[in-house]
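Take a look at the structure set out below.
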Amino acid sequence: MSDNLAVAGRETPLGYFKRTWRQNIIYIGFVVVFAFFAITLYDKGFLAPNNILNIARQTAMIAVMAVAMTLVLSSGEIDLSVGAVAGLASVTTAMAVAWGGLPAGIAAGIMTGVTVGLINGFLSTRLMIPTFLTTLAMMGIAKGTAMWISGTAAIPVLDRTYPAIFGGGNIGPIPTLLLWMLVVGVIGHVVLRRTKFGRQILAVGGNVVAARYSGINTSRIKLWVIVISAVTASLAGMLYAGRLQTGRFQLGEGDELSVIAAVVLGGTSLFGGKGTVVGSIIGALMIGVINNGLILMGLEYSQQLIARGGIIILAVALSQAGTRPA
Amino acid sequence: MSDNLAVAGRETPLGYFKRTWRQNIIYIGFVVVFAFFAITLYDKGFLAPNNILNIARQTAMIAVMAVAMTLVLSSGEIDLSVGAVAGLASVTTAMAVAWGGLPAGIAAGIMTGVTVGLINGFLSTRLMIPTFLTTLAMMGIAKGTAMWISGTAAIPVLDRTYPAIFGGGNIGPIPTLLLWMLVVGVIGHVVLRRTKFGRQILAVGGNVVAARYSGINTSRIKLWVIVISAVTASLAGMLYAGRLQTGRFQLGEGDELSVIAAVVLGGTSLFGGKGTVVGSIIGALMIGVINNGLILMGLEYSQQLIARGGIIILAVALSQAGTRPA
Amino acid sequence: QSPDEALAALANQTLSTGPGGESPVSPSEINLTDDELAEIKAMGATAAIVMHYGGDDWSQAQINGLQTQFAAMGIEVIATTDAGFNSAKQVSDIETIMAQNPDIIVSIPTDPTATASAYRQAAEAGVKLVFMDNVPAGFTAGTDYISVVSADNYGNGVASAHLMAKALDGEGQIGIVYHAADFFVTRQRYDAFKATIEQNYPDIEIVAEQGIGGPDFTGDADRAASAMMVGNAGIDGIWAVWDVPAEGVISAARANGRDDLVITTIDLGENVAIDMARGGFVKGLGAQRPFDQGVTEAKLAGFGLLGKDAPAYVALPALPVEKDNLLDAWQAVYSTEAPATVRDSMN
Amino acid sequence: MKPIAVEMDAISKRFGGVHALREVSLSVCNGEIHALLGENGAGKSTILKILRGVQAPDSGSIIIGGEAFERLSPQLARHKGIGMIFQEMSLVPTLSVAQNVFLASEPLTSAGLIDDRAMEQRSAAIFASMGVSVDPTAMVADLSTGQQQLTEIAKALSQNAEVLVLDEPTSALTASEVDILFDLLRRLRSEGKAIIYVSHRMDEIFRIADHATVLRDGRLIDSRPITDYTLATLIADIMGKETRDLSEFATESTVQDDIILKVEHLASKLRRDGDVSFSLRRGEVLGIAGLLGAGRSRLARMLFGLEPIASGTITLRGETISIGSARHATELGLALVPEDRRRQGLVLAHSIQDNIELPILKRLGSTPFVDRMKSRSTADDLIKRLAIKTASREAPANSLSGGNQQKIVIGKWLATDPDILIMDEPTAGIDIGSKGEVLRLVRALAAEGKSIIFISSELAELAAVSDRIAVISGGRLVETIDKADLLTTTGDAAELRAEQKLQLIVQRGGNHV
Ligand SMILES: Nc1ncnc2c1ncn2[C@@H]1O[C@H](COP(=O)(O)OP(=O)(O)OP(=O)(O)O)[C@@H](O)[C@H]1O
Ligand SMILES: Nc1ncnc2c1ncn2[C@@H]1O[C@H](COP(=O)(O)OP(=O)(O)OP(=O)(O)O)[C@@H](O)[C@H]1O
Ligand SMILES: [Mg+2]
Ligand SMILES: [Mg+2]
């Protein structure tokens, strides 16, 4: 949101660093925060393998949604419905598993995402309603629907395989949630960095007119991105359902802010045209590490809130010290 | 978020309408929604003067914050901390009233806003941290602080004058809350439309580089806008405290989304450069009318959520039918 | 006194007292005669249900009980609202509902002080108020409102403490996941649990306490419980303030491979019931009787309509639930048979 | 007769109440460079955008390869071999140069992924073949306007189009880049490609074009081989009247004695090897010449407080000062017409009046309120004075043609009534008639005792308007030439010779190096 007059030409390494600090900030910040907790909490089990895996597990859903949100923000749009859609998908999946077993559950979860995504996309790209409004409206609709079809009750997932695949189990010592996060992250990274589709997303977000002039079908790109976001949110909902062996409308509630925060923290611009999937995942992990560390510190909930805000600001500000753009 | 190729020249009324539908959409939408409820709920007291005043009362805080948020979004920034700051201010005010009476309460409320605003502003304009991150962090800090200093308890306001001024009382038949909303709205409208400061806000949001090249001190403008937003949020918190005769950290929780929704619904761009205070207030009232009407209809909460989302989309889409930008 | 004896004693007594120190009356004493019922039906009265939070089985059962009984009394429910723990929203909800001039409002205040003036307006407009669990500040029974029906949250807190002690054989380390907001109902449970453990079980040590703020209470509880297990390797049990956070604790225990962890909580949700039926982590919980509570509230509203003298404070005793009495308890709580998911999990 | 590559038949297009095109026909042959001419707002860009498929005509048809279309889409046009360099550069600022060059036609690896390495190499090769140096890995947002224009050219060339449309490709280029571009265009012509070329620089038209089509007010005026035209008849066709050409501005010097601005050994923090010293007198027009990237715009930015200064002093009215911000600079009586009108000059979505109002807010009343009456009359004055073609001052800036946008940028700074006016490529995209107007204005300001720093890549106008010309090379001021030294004889021939002399000096980076 601030205007960087970046410097160009044949630049010095320092110059390069100065120009790209916003992309690197998250890595520095992450290391600083992690080191801080590793030192202050070394006797409280922060570095215990199990705790590290806990952080990964707790962060997985946010990270998965953050991957898709990176594409959404890169394309200059926003999706506020991800949290509610995750909740809805957890309910539809759980209900479908109860009704028709694993395949039905998976199909129901994915279909939820596709449906929501197409509605969001249609409203935004055909009726030209800003995604902020469509997805905000969808947030209410998805939450209401989830409450309605579940009667606001939790829908238990009794199937044994489902949780093993989605979020519950381990493969060897590695939680499946971690694998999901990695798989989605790698796919997202490759799509954004190395495919034509990803390049077009960045072009649409960077300058929609130029993209159209270059022969890019801008509304199709936006439609796809919106659908991908909804489907990914549904996947997150399915992971919630697997992890908690329950579908419930509240799962994922409020996640949209955490997800967007992770993405922005990772260096993606809210204004489009610039995005990094790896940064987003690190952003999500950083929030996870902070949440975990503050609880281990034994802070009260109110103090955690204050400290979390302070640490995020500090991490960003520190990584940036002395690199103020001219 | 969509690219309007605006049209110019000596235009026909239809052409003008087409070009400006996004500005007018909210008025049409508001009338449609209001008429819909007036007809379907005419026997349920929707049009009763008291109900109309209730809507105004319930909307006042959102509307007040929406006025400042219009300036914030117009300048190309965002403020996610308004809801939490309102909660914090309600607590500080209530505590100060208990300690030193009315003047202390007012001073504490205002000072809360000024402090928060300066911190947000400093971080954003000096350290160049995007306002999305600073104000998100501040949201946690403000909420945590409010919980902490109040011990998460409600702080009763026993003073008699305070609620009469802030939000509780009536002047003649008119609730003071309505007056506050009108006063803040008129000031906001005049500032944005008629003053040099307002022009500079829009220029900074429209093209920050061009604004700087035009000799505008862009970071000072942004700083001011951010401070104004925090102070207005504090005012909203003071109104909450007056209306409920209580300060509590939860007051205003989640309001940031309602406020931004009202502003965007009103036709202000999330990307800066375009804003209308009147639209934002109508946007807030529209949300208030929808909430009120759906409860009167006797819908369940889940159905209310779905219907609200649907109505917002319908209102925007209808007002726009046949006016697709070329 | 062993945990079992303490629990047995609990079954017939109510530990909470009314807002004015009133001693509790049993719901079995709240009855309407056929004549009275007919009289109420003839009134064509309307009612509104104003909830603090609608996101759990407890609220739904409560609403169910209310709707069932109101239907039997020929009273139309014209509005149901959910404030999401936000008192400002609840005040708005009450104001909005007043536009329809309901005869009855049944409600649970999110915050006794903040909502008082809105309830006061309703009372002054002649609306018959019946409260669940808690009463707005400065309200007196009989004049301002009809009655308050409590689920004996304190009693349930005590029950869950005894159940915890029973499952741990009276010794061990435990953690507490509480609601990080000054909310009457959850605060009572927390106070009761903690006091009971501290007074009765010197060998049980509370090694960790963590508040959660929501709105994702499951996720918050998951993170809090995970950290407790990491920070206190020897932890034996965790108490959660209601069933939704308890699900997060279950998930954390599962993820951390702590199959031996004991969880007790309050409220008989379907998921915790399944876990209990499977012999999982949840060894016991204190159940409220939300359906009966709703029915009782509706009846008391009828008292109000008739101008009949109502007791100021009605309380339903706590219901300690373990695997043994799970199916019966379900019947008692929800007035229906336990769902197949729970029944099938018993084996 | 060469084969017809593309034909546009009776194209009409309206924007609201504005008739941008009325039944205009255009036919372009293979192996031909076809100049499309007309004053600002004549409709050139509009018809070309229709050809490129990014705008739809209201009526008329487009015939490519014997196939008639009512309208094209960008994809279809591209498929049909139409490539275009847009006047308002259509680059994505957040992508690198190479990524922009190959946008939507990226080379892929065998795995189907984008091959960024190949893209960079091929872009580097294209730039090398053009004989210019642009870093393919640099972000477009970080490029100077000239470099952006080169990128845009490379992008169009990379597409290997059959019909290549160039809408004012040289407005930010200096003579040497123009030469390179022309060599390229001649080569393409010999390969049988059809080229449509738009420019307001008349000398370019006569050097390169085979055929000329002239539009005026959205109507087709004439279309003939270039050999049928003389400069005078062509200008008459374009303007609808006879106009005086540039040499006329070589008026009497109005330079006064007192030095208003003195700059010594100025170097930018972003480029520390710079060294600029000069002094500017009241009533003087100081021209600045240099190659692309020589640091002319950088000098302008330093003087206007937009770029930090590493070393050197600025003395204004005898006082040594440091200029901290553009705001400070305006307070000191400076004004800068920046080179990039879309990025630095205008809030595109805002109205003409709002844009003009920005730098003069201070003067619009002494209260915090804007004196809209005064603002309106200022805007109307400028619209009239600069002949800005618009329906009203309420029209958003981005609805104007490129040249008219440029006039707003000039206008908004004229309104500040500065003592020192810095103009960075002020005539880019401005038609020949208005250009005369701008130059006349500059001389008139000088006559009023104002001082002007005039940066331009078009040496003819530099020679015409300046009292002295400073040549910048590699961030250093290498030479200052008196106009008198350039103009040894009078008349048309001398003008050309002065220009050539100047170009020689610019190319060599100074006389004495
Ligand atoms: N998007 C638009 N909205 C409204 N009017 C437009 C739009 N684009 C062009 N016009 C109008 O159409 C007319 C023709 O504009 P066009 O850009 O084709 O001119 P041009 O010949 O390219 O001029 P220049 O030499 O200044 O670039 C102008 O009056 C302009 O204001
Ligand atoms: N706003 C800016 N801030 C910082 N650096 C910039 C800016 N604009 C351009 N540059 C960089 O400064 C270098 C020098 O460009 P400058 O504009 O000073 O030279 P110039 O001679 O005016 O060239 P041109 O005629 O192409 O504009 C450019 O290569 C570019 O990388
Ligand atoms: Mg043009
Ligand atoms: Mg330049």
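Just so it is clear: chains get the letters A, B, ... in the order the sequence lines come, proteins before strands, and each one is counted from 1.
- In terms of modelled atom types and a separation under 3.5 Å, the side chain of D:Ser90 and the main chain of A:Ala210 share no donor-acceptor contact.
- Here the side chains of D:Pro93 and A:Asn207 are in contact, with some heavy-atom distance below 4.5 Å.
- You'll find the side chain of A:Val190 reaches within 4.5 Å of the side chain of D:Leu113, heavy atoms only.
- At least one side-chain heavy atom of D:Leu95 sits less than 4.5 Å from a side-chain heavy atom of A:Leu202.
- For residues 191-199 of chain A, a heavy-atom distance under 4.5 Å to chain D picks out A:Arg193, A:Arg194, A:Thr195, A:Lys196, A:Arg199, given by residue number.
- Contact detail for A:Ala203 and D:Leu103: the closest heavy-atom pair is CB-CD1, 3.7 Å.
- Between chain D and the residues A:Gly206, A:Ser214, A:Gly272, the most heavy-atom pairs under 4.5 angstrom are made by A:Ser214.
- Contact detail for A:Gly215 and D:Pro74: the closest heavy-atom pair is CA-CB, 3.7 Å.
- The greatest number of non-hydrogen atom pairs below 4.5 Å with chain A, out of D:Glu106, D:Gln159, D:Lys49, is found for D:Glu106.
- Interatomic distance, CD of D:Gln55 versus CZ of A:Arg212, reported as 9.0 Å (0.5 Å rounding).
- When each of D:Arg78, D:Lys269, D:Gln99, D:Lys155 is checked for heavy-atom pairs under 4.5 Å with chain A, D:Gln99 comes out on top.
- Proximity to chain A is absent for every atom of D:Ser73, based on heavy atoms less than 4.5 angstrom apart.
- Between chain A and the options D:Leu76, D:Val140, D:Leu91, heavy-atom pairs under 4.5 Å are most frequent for D:Leu91.
- The minimum heavy-atom distance linking D:Arg52 with A:Tyr213 is given by the pair NH2-O, 3.2 Å.
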